[in-house]
Amino acid sequence: MKAKKIVALLLASAMTISLMACGGGGTPAPADTAAEDDADDVDDAEDEEDVADAETAEGEQDASDEAEDLDAEDYEELLAEIIPEETVTLDVFDQLANYSGEQIGWFGQIMLEKFNVKLNIIPDPDGVYETRMESGNLGDLVIWGNDGDEYMQAVEKGMLYDWNEDDLLTEYGPYIKEHMPYAIEKNTNLSGGVTYGFGFDVAVDPKARQDAMYTWDLRWDLYKELGYPEIKTLDDMVEVLEDMKEICPTDDNGKTTYGVSLFNDWDGDMVMYVKSLAQAYYGYDEFGFGLYDPSTQTYHPCLEENGPYIEALKFYNTLYQRGLLDPDSQTQKYDGMVEDYQNGAAFLNIFNFLGSAMYNSDAHAAEGKAMYPCPPTEAKPIIYGQNVYGGNRIWSIGAKSEYPELCMAILDWLATPEGRMVAEYGPKDVCWYYGDDGKTYFTELGRAAKLDPKTEMAEGYSGTFEDGNFKMNNSTWAIDAANPDSNGETYNYRKWASFTAEPNSEIEADWREVTGCATPDERMGQTDYILAPGTTYSGGVRSDELQVVWNQVATCIKDNSWKAIYASTDAEFDQIVADMISQANEYGYDQCVEFQENEAKLRAAAEDAVK
């Protein structure tokens with residue numbers, strides 16, 4: 001380790017700056033002698049002081065710049081020592097991954113060029129976590145879906161690498177250590193006083209909010225063709241989707257269209273799309289077996305009669321009964337859903353990153369087609385406050401990794417502005433760049449790739465943008481956090497001046513004219529949204545006995561929720577829901593609710609602390 005070298009360098013730089021500051025003071029004004037000379041003496045002294053202060057400031061800045069340059073050079077020397085001569089494959093156990101195997105394409109090439117590594121992505125279907133825990137080796141990089149029970153079990157069993165051991169964080173994660181102190185502090189407190197990582201979506205400004213994620217992206221061209229009908233409620237949305245299918249019965253490839261297309265890869269304690277609809281419509285946040293209202297600090301168990309989860313479940317069943325829900329939704333997986341939205345096979349998606357992000361290509365725009373926010377007027381979507389402590393999806397390193405320094409260096413690079421931008425938008429200067437004005441711009445290739453992931457890469461990068469996109473599926477900085485390398489902009493391209501200055505198509509111009517908004521987030525800001533503040537709250541650890549019950553209840557709720565979605569009649573739906581409630585109660589659902597009600601009190605206290 002080279003920590004002493006870095007500390008010595010920083011101390012030397014600090015001493016240089018201090019000496020310059022002490023020795024660079026202005027010439028003092030002369031003592032009072034005669035009244036008629038006082039004014040001239042003071043003016044002269046002030047002029048000399050101004051010049052001296054300016055010289056001192058310039059000298060301090062030069063010294064600081066030199067120290068930073070030397071520090072950067074020293075860090076590069078450290079990296080040179082740990083980058084392997086022969087290519088190394090790092091195992092990435094990733095609970096967020098939708099992909100299995102080697103990271104390929106442009107991001108894989110960047111990893112080879114920068115660190116001479118290949119990344120083997122290992123997702124977490126049923127049983128994988130348990131198997132890897134039993135083996136004693138989770139992997140080199142370990143990415144957690146949340147900071148709850150499984151993460152805490154890994155901490156307790158010594159399965160994660162201590163970032164303070166041998167000054168690992170100080171030496172190989174200097175950017176993380178300097179710029180994410182609150183996120184590091186949160187993880188240290190969560191993990192019993194030891195630092196094992198940091199959470200995702202770290203923010204800079206705790207008073208700012210994130211862009212809306214639940215944007216109710218709807219096929220605006222079809223909505224326009226229908227005459228912009230009023231959509232107040234979920235029932236109104238069903239009617240509009242049915243009308244859309246009548247005027248657009250097939251997608252780009254001639255296949256049958258539907259109102260929505262779902263997938264089950266991200267189901268957790270509940271069916272993801274059901275609980276997410278409740279988040280998008282009622283403004284409540286997913287919270288164990290239920291939803292939490294940040295505005296009233298009230299917990300709604302998911303099996304609550306006429307509660308938000310059951311109401312959202314009925315919405316999807318209604319779509320199914322009307323022939324508006326893709327019948328392959330339960331089995332097609334994430335990739336199948338993506339393909340549906342890319343081809344226009346579904347008209348509505350409550351998520352911006354699964355709706356407009358998939359459909360709004362230049363090709364569709366040229367045809368006058370696009371998805372844009374069109375929320376029901378009674379919707380109160382949840383919007384999250386930016387969180388300097390980071391979220392619950394943790395970046396960490398496996399205790400058995402043979403390359404902890406290399407892993408830390410990779411995480412540190414991903415936390416730099418360049419790393420965050422590359423992971424999101426592709427190689428710098430190939431897909432994006434900073435202009436002479438300091439603002440962020442897409443290249444022609446980068447813009448095409450962001451709007452159509454199937455765009456072929458260029459300049460030595462193989463495959464499509466989609467082939468090489470960032471398979472780890474986690475983030476360091478929040479997309480709406482300030483990017484210090486830009487001139488006052490964030491990492492969110494939807495907010496870049498270069499992207500939002502003028503409409504990119506006639507259909508976008510129409511959406512802007514009708515809504516009076518320039519960006520999707522501006523439109524969502526018009527809704528009566530509910531803000532969930534960023535806090536230090538992390539979910540509590542369940543006992544082994546409760547975890548057994550929890551798993552049984554989760555399986556019961558997910559299996560029966562999908563059955564309810566596919567119910568052919570209202571009576572069948574009601575019966576399936578009744579059976580689900582009965583079965584869940586037999587498994588011990590009440591114990592889970594009791595645990596989560598206590599968690600709601602802890603969350604409320606954390607929220608009160610930041611008000």
Side-chain angles (χ1 to χ4, degrees), residues 89-104 107 118-161 187 190-191 196-201 262-273 275-276 286 288-289 330-338 353-354 390-401 407 410-411 414 423 469-476 538-539 541-542 544 547-548 550-555 557-559 562:
T89 296
L90 298 179
D91 285 336
V92 183
F93 175 54
D94 188 350
Q95 294 189 327
L96 300 169
N98 301 307
Y99 175 88
S100 178
E102 182 182 333
Q103 167 77 59
I104 60 174
F107 192 80
K118 294 182 179 180
L119 302 176
N120 176 36
I121 310 297
I122 303 169
D124 186 29
D126 291 344
V128 172
Y129 166 79
E130 291 79 8
T131 299
R132 299 192 74 82
M133 286 289 287
E134 290 173 6
S135 74
N137 186 358
L138 286 174
D140 295 293
L141 288 169
V142 184
I143 302 172
W144 298 91
N146 61 64
D147 55 10
D149 290 309
E150 292 184 344
Y151 169 76
M152 292 306 300
Q153 289 172 15
V155 168
E156 293 167 3
K157 295 183 179 180
M159 300 290 284
L160 300 177
Y161 202 97
N187 181 265
L190 171 68
S191 308
Y196 292 108
F198 67 94
F200 81 120
D201 273 7
L262 315 180
F263 65 101
N264 69 357
D265 301 43
W266 295 355
D267 290 354
D269 292 331
M270 302 171 284
V271 170
M272 185 277 288
Y273 261 105
K275 65 88 181 173
S276 294
E286 175 185 12
F289 289 122
Q330 187 178 7
T331 58
Q332 69 182 347
K333 304 303 180 183
Y334 173 83
D335 290 341
M337 178 278 309
V338 168
F353 60 91
L354 296 178
N392 63 351
R393 301 171 189 170
I394 294 178
W395 297 92
S396 64
I397 299 171
K400 294 293 182 67
S401 176
C407 290
I410 291 171
L411 293 181
L414 288 172
N469 65 10
F470 188 57
K471 306 299 185 187
M472 286 190 267
N473 199 28
N474 201 17
S475 57
T476 51
S538 292
V541 177
R542 299 185 281 269
D544 291 343
Q547 188 60 53
V548 172
W550 197 281
N551 292 342
Q552 292 174 326
V553 172
T555 299
I557 289 173
K558 287 183 290 187
D559 288 352
W562 279 108

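Predicted model, so just to flag it, every value in this text is computed and none were measured.
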*Asks:* Kindly determine whether W144 and Y129 satisfy side-chain contact (heavy atoms from CB on, under 4.5 Å), including the steps that lead there.
*Replies:* CA-CA 11 Å; W144 298 91; Y129 166 79; 3.7 Å; yes
*Asks:* Check for a donor-acceptor pair, side chain of Q103 on one end and backbone N or O of K471 on the other, with a separation under 3.5 Å.
*Replies:* yes
*Asks:* Just by modelled atom types, is the N392 backbone N or O under 3.5 Å from a matching donor or acceptor in the N146 side chain?
*Replies:* no
*Asks:* Does any N or O in the side chain of E156 come within less than 3.5 Å of the main-chain N or O of Y151, such that one atom is a donor and the other an acceptor?
*Replies:*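 Side chain of E156 to backbone of Y151, a donor-acceptor pair under 3.5 Å: no, none is there.
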*Asks:* Search all heavy atoms of S191 against all heavy atoms of V155 and return the closest pair with its distance.
*Replies:*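 Of all heavy-atom pairs spanning S191 and V155, the closest is O-CG1, 4.1 Å.
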*Asks:* For K157, does the NZ atom have more than 12 heavy-atom neighbours from other residues, nucleotides or ligands under 6.0 Å away?
*Replies:*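 Open.
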*Asks:* Has the side chain of S396 got a donor or acceptor atom that lies under 3.5 Å from a matching backbone atom of Y196?
*Replies:* no
*Asks:* Considering only heavy atoms from C-beta outward, does the side chain of V128 approach that of P123 to under 4.5 Å?
*Replies:* no
*Asks:* Show, in sequence, the C-alpha distance, side-chain angles and deciding distance for N551 and Q547, and conclude whether the side chain to side chain donor-acceptor pair (under 3.5 Å) test is met.
*Replies:* CA-CA 6 Å; N551 292 342; Q547 188 60 53; 2.8 Å; yes
*Asks:* I'd like to know if the side chain of N473 reaches the main chain of L96, judged simply by a donor and an acceptor atom lying under 3.5 Å from each other, with no hydrogens or angles considered.
*Replies:* yes
*Asks:* Rounded to the nearest 0.5 Å, what separates atom CG in L411 from atom CD1 in I143?
*Replies:*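 These two atoms lie 8.0 Å from each other.
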*Asks:* About how many Å separate CG of D265 and CG of L262, when rounded to the nearest 0.5 Å?
*Replies:* 11.5 Å
*Asks:* Rounded to the nearest 0.5 Å, what's the gap from CD on Q95 to CZ on R393? Could you check?
*Replies:* 11.5 Å
*Asks:* As a quick check of understanding, evaluate side chain to side chain donor-acceptor pair (under 3.5 Å) for D267 and W562, giving each step before the final call.
*Replies:* CA-CA 11 Å; D267 290 354; W562 279 108; 2.9 Å; yes
*Asks:* Using the salt bridge (charged side-chain N to carboxylate O under 4.0 Å, His left out) rule, collect all pairs that involve residues 119-143, keeping only residues at least two apart or in two chains.
*Replies:* none
*Asks:* Please report the interatomic distance CG(L160) to OG(S401), rounded to the nearest 0.5 Å.
*Replies:* 11.5 Å
*Asks:* Do the non-hydrogen side-chain atoms of T476 and F198 ever get within less than 4.5 Å of each other?
*Replies:* yes
*Asks:* What are the two closest non-hydrogen atoms of D149 and V541, and how far apart are they?
*Replies:*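 Looking at all heavy atoms of both residues, the shortest contact is OD1-CA, 3.1 Å.
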*Asks:* If you compare all heavy atoms of L190 against all heavy atoms of I394, which two are closest, and at what distance to 0.1 Å?
*Replies:*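 Residues L190 and I394, closest heavy atoms: CD2-CD1, 4.2 Å.
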*Asks:* What's the separation between atom CZ in F93 and atom CE in M133, rounded to the nearest 0.5 Å?
*Replies:*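 Taking CZ in F93 and CE in M133, the distance rounds to 9.5 Å.
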*Asks:* Using atom types as modelled and distance alone, determine if a side-chain donor or acceptor of N137 lies under 3.5 Å from a backbone N or O of K400.
*Replies:*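 Looks like no, no N/O pair under 3.5 Å.
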*Asks:* Decide yes or no for L354 and Y334: does some side-chain heavy atom of the first lie under 4.5 Å from some side-chain heavy atom of the second?
*Replies:*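 Yes, their side chains come closer than 4.5 Å.
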*Asks:* How far apart are the C-alpha atoms of N98 and V338, what are their side-chain angles, what is the distance that settles it, and do they pass the side-chain contact (heavy atoms from CB on, under 4.5 Å) test?
*Replies:* CA-CA 12 Å; N98 301 307; V338 168; over 6 Å; no
*Asks:* Test W550 against D269 for side-chain contact (heavy atoms from CB on, under 4.5 Å), laying out the working first.
*Replies:* CA-CA 8 Å; W550 197 281; D269 292 331; 3.1 Å; yes
*Asks:* Would Y273 and W266 count as a side-chain contact (heavy atoms from CB on, under 4.5 Å) if you check the C-alpha gap in whole Å, the side-chain angles of each, and the deciding distance to 0.1 Å?
*Replies:* CA-CA 9 Å; Y273 261 105; W266 295 355; over 6 Å; no
*Asks:* What are the two closest non-hydrogen atoms of G539 and D147, and how far apart are they?
*Replies:* N-OD1, 4.1 Å
*Asks:* Write down the atom of A154, the atom of L138, and the distance for their closest heavy-atom approach.
*Replies:*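 Between these two residues, the closest heavy atoms are CB-CD1, 4.0 Å.
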*Asks:* To the nearest 0.5 Å, what is the distance between CD1 (I121) and CD1 (I104)?
*Replies:* 11.0 Å
